Amino acid sequence: MGTNFHTQIGGLVSTIASSYREQSHTISQDAKDLPSRDTIIEVIHLLRELLFPGYYGKRNLVNATIEYHIGDLLISIDEKLREQIASALKHQSSFNPSPSSDADAASDAIVYEFLSQIPELRRVLATDVKAAFAGDPSAENTSEVIFSFPGIFAVSIYRLAHELYKLSVPLIPRIMTEYAHSVTGIDIHAGAIIGEHFFIDHGTGVVIGETTIIGNNVKIYQGVTLGALSTRGGQTLRGVKRHPTLEDEVTVYSGASILGGETVIGKGVVIGSNAFITRSVPNGTKVSVRNPELVFKGSLPQEFKQAFTADWVI
């Protein structure tokens, strides 16, 4: 520590403390009741081990001991998640006091209900894995899909977070999906409702808003936004359907934006790359953006032309 710093530290302490008081909303007065992001990430990895046994965590599982392994995982998840949910509930109560509520008892019930959904979550995620393998000719097998596809990583965490969201757990679902967002570049709000056989190809830059509804057998590519037309209303829009609905068997290609809570994309619709959609599209429609005029400069052959090929319109 430099000599000058000793004489200057008092002033620094005072100015930083003043900033705490001036921007009081940026400092937690009850930090002890905040959930731990690091612990929640630990829980995510334990849950993924429970969802995809043998792929993550312990290898070489055998039928004779698999129940013991599941039991150990459940005990560890229960202990960590129960504590985090209780903290989140206590923190929430500082904004919305409810003297009669017992956060510890509530977290017990929530964790049991949440873990009871694991078999159903595994069933649905198995359909997502099948959709990813069937939809991507570069995939060698389903093991590659589970191990390495960012879409499966993000969707599996979304599906876990969505169950906690439905159980009215504060903070934690958002921490979970934002962790997946930071790892994959795929931003799925825990409140979105997404059906089976869902596949995000490549994935970087995908945004799926809170009130989005997605049916079964839907496939979307990188850079797709399922968003709101406007958020200028801020908190007054809380609880309002702001994001679109995609019905079954919809495909949305890269860079497309579909906006608005009243926008419904009908069954079997195909949305081409870079389309900007703000109104409903009838079943079976194919939407494309007219090719821009390209200008080539240089010594290209006279016969050089860019042919229009778009397999998705077939």
Side-chain angles (χ1 to χ4, degrees), residues 28-53 56-57 67-126 128 153-183 187-196 198 208-214 238-239:
S28 174
Q29 301 298 324
D30 298 300
K32 68 182 189 304
D33 289 332
L34 279 172
S36 163
R37 184 177 183 274
D38 291 341
T39 303
I40 291 165
I41 292 171
E42 286 181 39
V43 171
I44 286 172
H45 291 295
L46 290 171
L47 286 166
R48 294 188 77 226
E49 187 175 345
L50 197 61
L51 293 172
F52 299 111
Y56 302 100
E67 282 82 6
Y68 294 103
H69 178 64
I70 293 169
D72 285 343
L73 274 176
L74 289 174
I75 290 168
S76 183
I77 292 166
D78 172 74
E79 180 182 340
K80 294 176 186 293
L81 187 56
R82 191 161 33 85
E83 180 183 18
Q84 297 309 307
I85 290 175
S87 293
L89 292 172
K90 290 172 185 175
H91 182 72
Q92 184 187 46
S93 70
S94 66
F95 298 98
N96 302 295
S98 180
S100 61
S101 65
D102 183 337
D104 293 319
S107 66
D108 284 348
I110 288 169
V111 172
Y112 179 79
E113 180 63 26
F114 169 69
L115 292 175
S116 297
Q117 298 303 313
I118 292 297
E120 175 62 10
L121 284 171
R122 291 197 71 250
R123 185 193 69 78
V124 175
L125 280 166
D128 298 330
F153 183 89
V155 170
S156 64
I157 293 175
Y158 149 76
R159 293 204 185 279
L160 292 165
H162 182 65
E163 292 302 316
L164 293 173
Y165 179 92
K166 291 193 297 183
L167 293 166
S168 300
V169 175
L171 276 174
I172 292 174
R174 191 61 176 263
I175 292 171
M176 293 172 71
T177 54
E178 291 299 344
Y179 169 67
H181 182 194
S182 70
V183 172
D187 182 1
I188 310 176
H189 194 285
I193 298 172
I194 300 177
E196 300 177 10
F198 180 55
I208 300 175
E210 178 186 19
T211 61
T212 302
I213 299 174
I214 297 175
R238 179 177 291 278

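These figures come from a predicted structure and were not determined experimentally. Only this structure's heavy atoms are used, side chains among them; waters, hydrogens and symmetry mates stay out. Sequential numbering from 1 along the given sequence is applied to the chain's residues.
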If you look at every heavy atom in [X] and [Y], which pair is closest and at what distance?
{"X": "Gln84", "Y": "Ser36", "answer": "OE1-N, 2.5 Å"}
{"X": "Ser107", "Y": "Ile85", "answer": "CB-CG2, 3.7 Å"}
{"X": "Leu160", "Y": "Phe114", "answer": "O-CE1, 3.5 Å"}

Test log, rule side chain to side chain contact (heavy atoms under 4.5 Å, CB included), inputs Arg159 and Ile194: CA-CA 8 Å; Arg159 293 204 185 279; Ile194 300 177; 3.9 Å; yes
Just wondering, do [Y] and [X] contact through their side chains at under 4.5 Å, heavy atoms?
{"X": "His162", "Y": "Ile193", "value": "yes"}
{"X": "Arg122", "Y": "Leu125", "value": "no"}
{"X": "Ile214", "Y": "Ile208", "value": "yes"}
{"X": "Asp187", "Y": "Thr177", "value": "no"}

Nearest 0.5 Å, what's the [atom1]-[atom2] distance between [X] and [Y]?
{"X": "Leu51", "Y": "Ile157", "atom1": "CG", "atom2": "CD1", "answer": "10.0 Å"}
{"X": "Glu113", "Y": "Ile110", "atom1": "CD", "atom2": "CD1", "answer": "10.0 Å"}
{"X": "Leu46", "Y": "Asp78", "atom1": "CG", "atom2": "CG", "answer": "12.0 Å"}
{"X": "Arg123", "Y": "Asp128", "atom1": "CZ", "atom2": "CG", "answer": "10.0 Å"}
{"X": "Leu121", "Y": "Leu115", "atom1": "CG", "atom2": "CG", "answer": "10.0 Å"}

Side chain to side chain contact (heavy atoms under 4.5 Å, CB included) evaluation trace for Leu74 with Val111: CA-CA 10 Å; Leu74 289 174; Val111 172; over 6 Å; no
Tyr179/Ile40 under side chain to side chain contact (heavy atoms under 4.5 Å, CB included): CA gap, chis, key distance, verdict: CA-CA 10 Å; Tyr179 169 67; Ile40 291 165; over 6 Å; no
Greater than 12 external heavy atoms within 6.0 Å of Glu79's CD: no
Just by modelled atom types, is the [Y] backbone N or O under 3.5 Å from a matching donor or acceptor in the [X] side chain?
{"X": "Arg82", "Y": "Asp108", "value": "no"}
{"X": "Ser76", "Y": "Leu73", "value": "no"}
{"X": "Thr39", "Y": "Pro35", "value": "no"}
{"X": "Tyr158", "Y": "Ala192", "value": "yes"}

Under 3.5 Å donor-acceptor pairs involving side-chain atoms of residues 165-172, not counting sequence neighbours:
residue: Tyr165; atom: OH; partner: Glu210; partner atom: OE2; Å: 2.8
residue: Lys166; atom: NZ; partner: Glu163; partner atom: OE2; Å: 3.3

Pairs satisfying salt bridge (Lys or Arg N to Asp or Glu O under 4.0 Å), at least one member in residues 171-180, at least two apart: Arg174-Glu178
Derivation and outcome, side chain to side chain contact (heavy atoms under 4.5 Å, CB included), residues Ile44 and Met176: CA-CA 7 Å; Ile44 286 172; Met176 293 172 71; 4.0 Å; yes
With sequence neighbours excluded, residues passing side chain to side chain donor-acceptor pair (under 3.5 Å) with Lys90: none
